[in-house]
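Inspection log for the structure reproduced underneath, given as structure tokens.
One-based numbering along the sequence shown.
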Amino acid sequence: MELIGIDTLVIERMSRTIQRNRERMEKIDLFDPKFYPSKDEGEEEVLRYFTVMVAMDHRLSRPGRVYEACLEDGCYKGADLLYRLGKKKFDENPDFFTPEHLSKINKEDVEKWLSAGNARPVDIELRTYLLRDLGVKLIKLYDGKISSLLEATSSRLHGDGINPGLADLLRVFRAYEDPVEKKSMLLAKILYFRELFNPLDKPYIPVDNHLTRIALRTGMVVISGRLWNNIVNMREVTASDDILIRLTVREAYGLLSEKSGLSVWELDDHFWIHGRTICTRSEQPLCEKCMFKGFCRARKNNAFMVYEHIYYNTWYY
């Protein structure tokens, strides 16, 4: 028998800690010129950039093959390298992100764009397919305009029973079909903080590997049986197990949002940074710097110091 659930006592303790340490909650600067277009760029151009970049924001590294490189202005790793290369391309040729170009893009173009030094995503063919799919469908369904897609949402993330929301409409694109809606919620979060989209309904948190790892280590989410054995022994889980885990993690952060008074998008900023800098995949994360160290389950019992569940072959997150 296996169980998966949420420990509400851990959620309560984390929420109180967050309330006491609100000044320590970190935020992502979505106007950083190294990674994102400026406020002065045209709205459609900015919408295109973020829609494309979030579509590409998945599984950049693999065991023994880290996505990192040093460019002329510094060294970058993971998502930082992805968005730095994206911004460089945007500065050089913003038409690269148009649906017309995407609909005909080839893998040589994608590989040249996303490669630097020895860094190269392993799934160039897949990324090419996702970009083409995005471009073709934007042209066919929305006359090539992201703004037209947003107008069709009635300012909602999810349908109200009559009209569809942003996540519903994005699902037609293969890059955004994830049932847990990681990329859809990430795009919505970015557009919200860039003042390009203001949904009427409550969002979900964009669940990725960092948020999942923190949820399992702190004890927010508790798993037992076969699934926990697979996680501990770093055996790859099934697609349905992956969805089950991330849906539970999404619900846990939703509850943490309600208890702490911070939006899930504020929590996402903090915990994403936290997972990259403090609660890292290392067997020895920087626990002494963590505000949850007093009751973190993994800090008390090393048996819970897991990386996260393993599920490599996905473009969902």
* Please assess Leu262 against Arg22 for the test side-chain contact (heavy atoms from CB on, under 4.5 Å), listing each intermediate value before the final yes or no. => CA-CA 9 Å; Leu262 271 67; Arg22 290 187 71 135; 3.2 Å; yes
* Asked: Met25 and Glu266: side-chain contact (heavy atoms from CB on, under 4.5 Å), yes or no, with the steps?
  -> CA-CA 8 Å; Met25 300 298 288; Glu266 291 175 296; over 6 Å; no
* Evaluate salt bridge (charged side-chain N to carboxylate O under 4.0 Å, His left out) for Asp80 paired with Arg276, printing each intermediate quantity in order. => CA-CA 11 Å; Asp80 288 344; Arg276 298 180 82 213; 3.4 Å; yes
* Residue pair Tyr316, Glu177: steps toward the side chain to side chain donor-acceptor pair (under 3.5 Å) verdict -> CA-CA 8 Å; Tyr316 290 172; Glu177 69 182 13; 3.2 Å; yes
* Give the intermediate values and the outcome of side-chain contact (heavy atoms from CB on, under 4.5 Å) for residues Tyr176 and Glu181. => CA-CA 7 Å; Tyr176 287 91; Glu181 301 175 346; over 6 Å; no
* **ring pair (Phe, Tyr, Trp, His ring centres under 6.0 Å) between Tyr36 and Phe31, worked out** => CA-CA 6 Å; Tyr36 315 115; Phe31 291 93; 8.4 Å; no
* Starting from the C-alpha separation in whole Å, work towards a yes-or-no answer on side-chain contact (heavy atoms from CB on, under 4.5 Å) for Leu196 and Glu43. => CA-CA 8 Å; Leu196 296 169; Glu43 181 175 312; 3.8 Å; yes
* Step by step, would you call His158 with Asp168 a side chain to side chain donor-acceptor pair (under 3.5 Å)? -> CA-CA 6 Å; His158 298 95; Asp168 307 313; 5.5 Å; no
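Here the closest heavy-atom approach between residue Tyr311 and residue Val237 is recorded as CD1-O, 3.3 Å. Of all heavy-atom pairs between Ile243 and Pro179, the closest is CD1-CG, 3.6 Å. Smallest separation of non-hydrogen atoms from Leu114 and Pro121: O-CD, 3.4 Å. Looking at every heavy atom in both residues, Gly275 comes nearest to Arg213 through O-NH2, 2.8 Å.
Side-chain N/O atoms of Thr238 and Ser240 include a donor and acceptor closer than 3.5 Å. A side-chain donor from one of Arg59 and Tyr317 sits under 3.5 Å from a side-chain acceptor of the other. Checking Thr212 against Asn209 by side-chain atom types alone, no donor-acceptor pair falls below 3.5 Å.
A salt bridge does not link Glu151 with Lys145: every distance from a Lys NZ or Arg NE/NH1/NH2 to an Asp or Glu carboxylate oxygen is 4.0 Å or more.
Remark: Lys27 engages Asp269 in a side chain to side chain contact (heavy atoms under 4.5 Å, CB included) (not counting sequence neighbours). Taking Phe96 as the reference, His101, Trp113 meet the ring pair (Phe, Tyr, Trp, His ring centres under 6.0 Å) condition, with sequence neighbours excluded. Residues satisfying the salt bridge (charged side-chain N to carboxylate O under 4.0 Å, His left out) criterion with Glu41, sequence neighbours excluded, are absent altogether.
To the nearest 0.5 Å, the span separating CD1 on Ile6 from CD on Glu251 amounts to 3.5 Å. The structure places CZ of Phe90 at 11.5 Å from CE of Met53, a figure rounded to the nearest 0.5 Å. Atom CG in Leu81 sits 9.0 Å away from atom OG in Ser61 (nearest 0.5 Å). One distance of note links CZ of Arg217 with CG of Asn301; it measures 13.0 Å at 0.5 Å rounding. Rounding to the nearest 0.5 angstrom, the gap separating the CG atom in Leu30 from the NZ atom in Lys39 is 11.5 Å. In this structure, the separation between CD on Glu288 and CD1 on Ile278 is 11.0 Å, given to the nearest 0.5 Å.
Note on Ile28 and Phe193: same hydrophobic cluster, where clusters join Ile, Leu, Val, Met, Phe, Trp and Tyr whose side-chain heavy atoms are under 4.5 Å apart, directly or indirectly. A continuous path of Ile, Leu, Val, Met, Phe, Trp and Tyr side chains, each step under 4.5 Å between heavy atoms, connects Leu71 with Tyr67, placing both in one hydrophobic cluster. Cluster annotation: Leu255 is connected to Tyr253 through the hydrophobic network of ILVMFWY side chains, with a link wherever side-chain heavy atoms come within less than 4.5 Å.
Panel note: side chain Asp201, backbone Leu157; a donor-acceptor pair is recorded below 3.5 Å. Judged purely by atom type and a 3.5 angstrom limit, Arg250 has no side-chain atom pairing as donor or acceptor with the backbone of Tyr204. In this structure a side-chain-to-backbone donor-acceptor pair under 3.5 Å is present from Gln19 to Lys259. Here the side chain of Ser115 pairs no donor or acceptor atom with the backbone of Lys112 at under 3.5 angstrom. Distance alone, capped at 3.5 Å, places no donor-acceptor pair between the Thr248 side chain and the Gly5 backbone. Under the 3.5 Å distance criterion, the side-chain polar atoms of Ser15 are left unmatched by any main-chain donor or acceptor of Leu256. Without hydrogens or angle criteria, Glu44 side chain to Ser147 main chain gives a donor-acceptor distance under 3.5 Å. At distances below 3.5 Å, not a single donor-acceptor pair connects side-chain atoms of Arg48 with backbone N or O atoms of Ile146.
SG atoms of Cys70 and Cys75 are separated by less than 2.5 angstrom, consistent with a disulfide link.
For an aromatic pair to be called close, the ring centres must be under 6.0 Å apart, and Phe292 with Phe271 satisfies this.
Remark: Glu108 CD is packed, more than 12 non-hydrogen atoms of other residues, nucleotides or ligands lying under 6.0 Å away. Taking a 6.0 Å sphere around NZ of Lys87, one finds it holds more than 12 heavy atoms contributed by other residues, nucleotides or ligands. A 6.0 Å sphere centred on NZ of Lys77 holds no more than 12 heavy atoms belonging to other residues, nucleotides or ligands. Atom CD of Glu283 has 12 or fewer heavy atoms from other residues, nucleotides or ligands within 6.0 Å. Counting non-hydrogen atoms of neighbouring residues, nucleotides and ligands closer than 6.0 angstrom, the NZ atom of Lys107 reaches no more than 12 such neighbours. For CD of Glu68, the number of neighbouring non-hydrogen atoms (other residues, nucleotides, ligands) closer than 6.0 Å is greater than 12. Asn118 CG: 12 or fewer foreign heavy atoms inside a 6.0 Å radius.
Screening Asp208, Asp241, Asp178 for a salt bridge (charged side-chain N to carboxylate O under 4.0 Å, His left out) involving Arg246 leaves a single residue, Asp178. Applying side chain to side chain contact (heavy atoms under 4.5 Å, CB included) to Leu149 and the options Leu166, Val172, Leu47, Leu141 leaves one that passes, Leu166. Of the candidates Asp133, Leu131, Leu126, Asp133 is the only one forming a side chain to side chain contact (heavy atoms under 4.5 Å, CB included) with Arg174.
Between Phe304 and Trp228, the ring planes are tilted. Angles from 30° to 60° get that label. Under the 30°/60° scheme for interplanar angles, the aromatic rings of Trp272 and His210 are found to stand perpendicular. The aromatic rings of Trp265 and Tyr192 sit tilted, their planes meeting at an angle between 30° and 60°.
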